[in-house]
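Working notes, structure below.
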Amino acid sequence: MTTNKHAEHINFELFNFDREQLKKSKCNLLIGTDEAGRGPAVGPVFAAAVCFKNADEKLILELEKLNDSKRVSEKNRLELYPVIKENAVYSVQMADENMIDRINILNATFEAMKNACMSVVREVQTTCMVLVDGNHSIRGYEFPQKSVIKGDSKSASIAAASILAKVERDNYMIKLDEEYPEYGWKSNKGYLSEAHIEAVKKYGITKYHRKKFVQNILDNAKVEQQKLKLV
């Protein structure tokens with residue numbers, strides 16, 4: 001197998017970070033959790049939790065391209081996705097657009113993360129330290145946890161969770177695109193691109209739109225338009 005030495009070095013650092021965090025925690029296993037889809041205007045937010053029980057050198061080399069999902073190409077994400085699933089205890093959960101509208105995106109993200117982590121804990125049946133990407137701890141999660149700023153570029157388990165969440169959400173949006181192709185969700189994944197905004201203005205919002213979010217964007221656009229007219 002041909003390996004990229006720089007990628008391999010980064011990769012070992014990610015797994016070493018997890019080992020150090022596990023030692024400090026005095027827990028038996030470590031879980032990383034991350035989300036995908038906080039920013040879009042359509043569909044659920046997805047959260048994944050990943051626990052590598054046996055991260056040996058062979059697996060580390062297989063995951064040499066592992067990194068924050070935003071720094072990994074779609075092709076490489078799709079290659080990493082099955083390797084992670086085959087070698088980890090994992091869970092992917094989502095909080096849909098109705099929940100997001102009801103309790104806001106941050107709380108909905110916490111709910112999805114909590115459910116994903118609890119699913120993994122129930123499967124491994126031991127005490128786990130959870131590393132949470134970002135600067136917030138998971139609200140309502142009563143077991144050991146630690147927030148890690150930019151954790152998806154520091155921790156192997158968080159990076160793996162970011163890959164699973166991203167791939168699962170992208171696949172979900174591609175399916176929704178088949179139902180509403182005029183909004184371009186296959187390419188914009190629910191983010192409010194210029195073409196997406198124009199489609200909303202022309203066709204209205206769908207049952208999958210986060211209504212409060214979209215309305216705020218449209219209201220702000222109207223305000224900016226009014227300012228332009230006044231100049």
Side-chain angles (χ1 to χ4, degrees), residues 1 3-36 38 46-73 76-77 79-93 106 109-110 112-167:
M1 178 172 60
T3 61
N4 178 299
K5 291 298 180 183
H6 178 64
E8 182 182 317
H9 175 67
I10 292 173
N11 179 265
F12 273 95
E13 284 186 354
L14 295 175
F15 281 93
N16 284 336
F17 180 88
D18 283 1
R19 291 193 186 103
E20 289 302 313
Q21 295 301 313
L22 182 58
K23 285 180 186 176
K24 291 176 184 177
S25 74
K26 298 181 181 178
C27 293
N28 294 324
L29 291 172
L30 182 139
I31 296 169
T33 185
D34 200 2
E35 54 74 27
R38 278 181 62 176
F46 279 66
V50 171
C51 174
F52 290 112
K53 294 178 72 174
N54 298 298
D56 57 17
E57 187 172 347
K58 179 176 179 292
L59 176 60
I60 293 172
L61 290 174
E62 281 188 68
L63 294 173
E64 66 171 325
K65 296 175 183 176
L66 183 64
N67 205 330
D68 169 10
S69 64
K70 294 183 288 297
R71 299 184 182 184
V72 178
S73 69
N76 287 339
R77 287 197 300 266
E79 290 176 358
L80 289 165
Y81 178 77
V83 180
I84 294 167
K85 292 179 72 174
E86 288 165 11
N87 292 279
V89 179
Y90 71 92
S91 176
V92 181
Q93 303 287 330
L106 185 59
T109 301
F110 288 144
M113 283 182 164
K114 181 175 69 175
N115 290 339
C117 290
M118 286 304 302
S119 178
V120 172
V121 169
R122 282 193 293 269
E123 186 166 347
V124 298
Q125 295 186 336
T126 189
T127 55
C128 299
M129 164 58 73
V130 172
L131 299 183
V132 186
D133 182 59
N135 58 357
H136 295 286
S137 297
I138 302 170
R139 295 173 187 167
Y141 188 77
E142 299 177 355
F143 297 99
Q145 61 174 310
K146 178 181 179 180
S147 58
V148 183
I149 296 172
K150 296 183 179 179
D152 44 11
S153 60
K154 296 176 181 176
S155 159
S157 55
I158 295 179
S162 78
I163 297 289
L164 295 192
K166 172 66 174 167
V167 172

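All heavy atoms count here, side chains included; hydrogens, waters and symmetry mates do not.
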List the atom of [X], the atom of [Y], and the distance in Å for their closest heavy-atom pair.
X	Y	answer
V124	C128	CG2-SG, 3.6 Å
S147	G134	CB-O, 3.4 Å
A48	T33	O-OG1, 2.9 Å
A116	A47	CB-O, 3.9 Å

How many angstroms lie between [atom1] in [X] and [atom2] in [Y], if you round to the nearest 0.5 Å?
X	Y	atom1	atom2	answer
E35	T109	CD	OG1	5.5 Å
I163	K65	CD1	NZ	11.5 Å
L131	L22	CG	CG	9.0 Å
L164	S91	CG	OG	10.0 Å
I158	L14	CD1	CG	10.0 Å
I84	S162	CD1	OG	7.5 Å

Donor-acceptor contact present, side-chain [X] to main-chain [Y], <3.5 Å:
X	Y	answer
R77	S69	yes
D34	A161	no
N11	L63	yes

Between [X] and [Y], is any pair of side-chain heavy atoms under 4.5 Å apart?
X	Y	answer
C117	V120	no
R38	L106	yes
S157	L30	yes
Q21	M129	no
D152	K70	yes
L66	V83	no
I31	Y90	no
L59	F52	yes

> Any side-chain donor-acceptor pair under 3.5 Å between T126 and N28?
Replying inline: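 Yes - a donor-acceptor pair under 3.5 Å links their side chains.
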> Does F46 have any ring-ring contact (aromatic ring centres under 6.0 Å, His included) partners at least two apart in sequence or in another chain, and if so, which?
Replying inline: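 F46: ring-ring contact (aromatic ring centres under 6.0 Å, His included) contacts with Y172.
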>> Checking F110 now: which residues fulfil ring-ring contact (aromatic ring centres under 6.0 Å, His included) with it, not counting sequence neighbours?
In response: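 Applying ring-ring contact (aromatic ring centres under 6.0 Å, His included) to F110 gives none.
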>> Run the salt bridge (Lys or Arg N to Asp or Glu O under 4.0 Å) test on E62 and K58 for me, step by step, so that the C-alpha distance in whole Å, both residues' side-chain angles and the decisive distance to 0.1 Å come before the verdict.
In response: CA-CA 6 Å; E62 281 188 68; K58 179 176 179 292; 2.9 Å; yes
For residues 135-145, which side-chain donor-acceptor pairs fall under 3.5 Å, sequence neighbours excluded?
unit_1, atom_1, unit_2, atom_2, d
R139, NH1, N107, OD1, 2.5
Q145, OE1, I138, N, 2.7
Q145, NE2, I138, O, 3.2
Q145, NE2, Y141, O, 3.2

>> Set out, in order, the CA-CA distance, both residues' side-chain angles and the distance that settles side-chain contact (heavy atoms from CB on, under 4.5 Å) for Y81 and K166, then state yes or no.
In response: CA-CA 10 Å; Y81 178 77; K166 172 66 174 167; over 6 Å; no
>> Applying side-chain contact (heavy atoms from CB on, under 4.5 Å) to E13 and F17, what does each step give before you reach the verdict?
In response: CA-CA 6 Å; E13 284 186 354; F17 180 88; over 6 Å; no
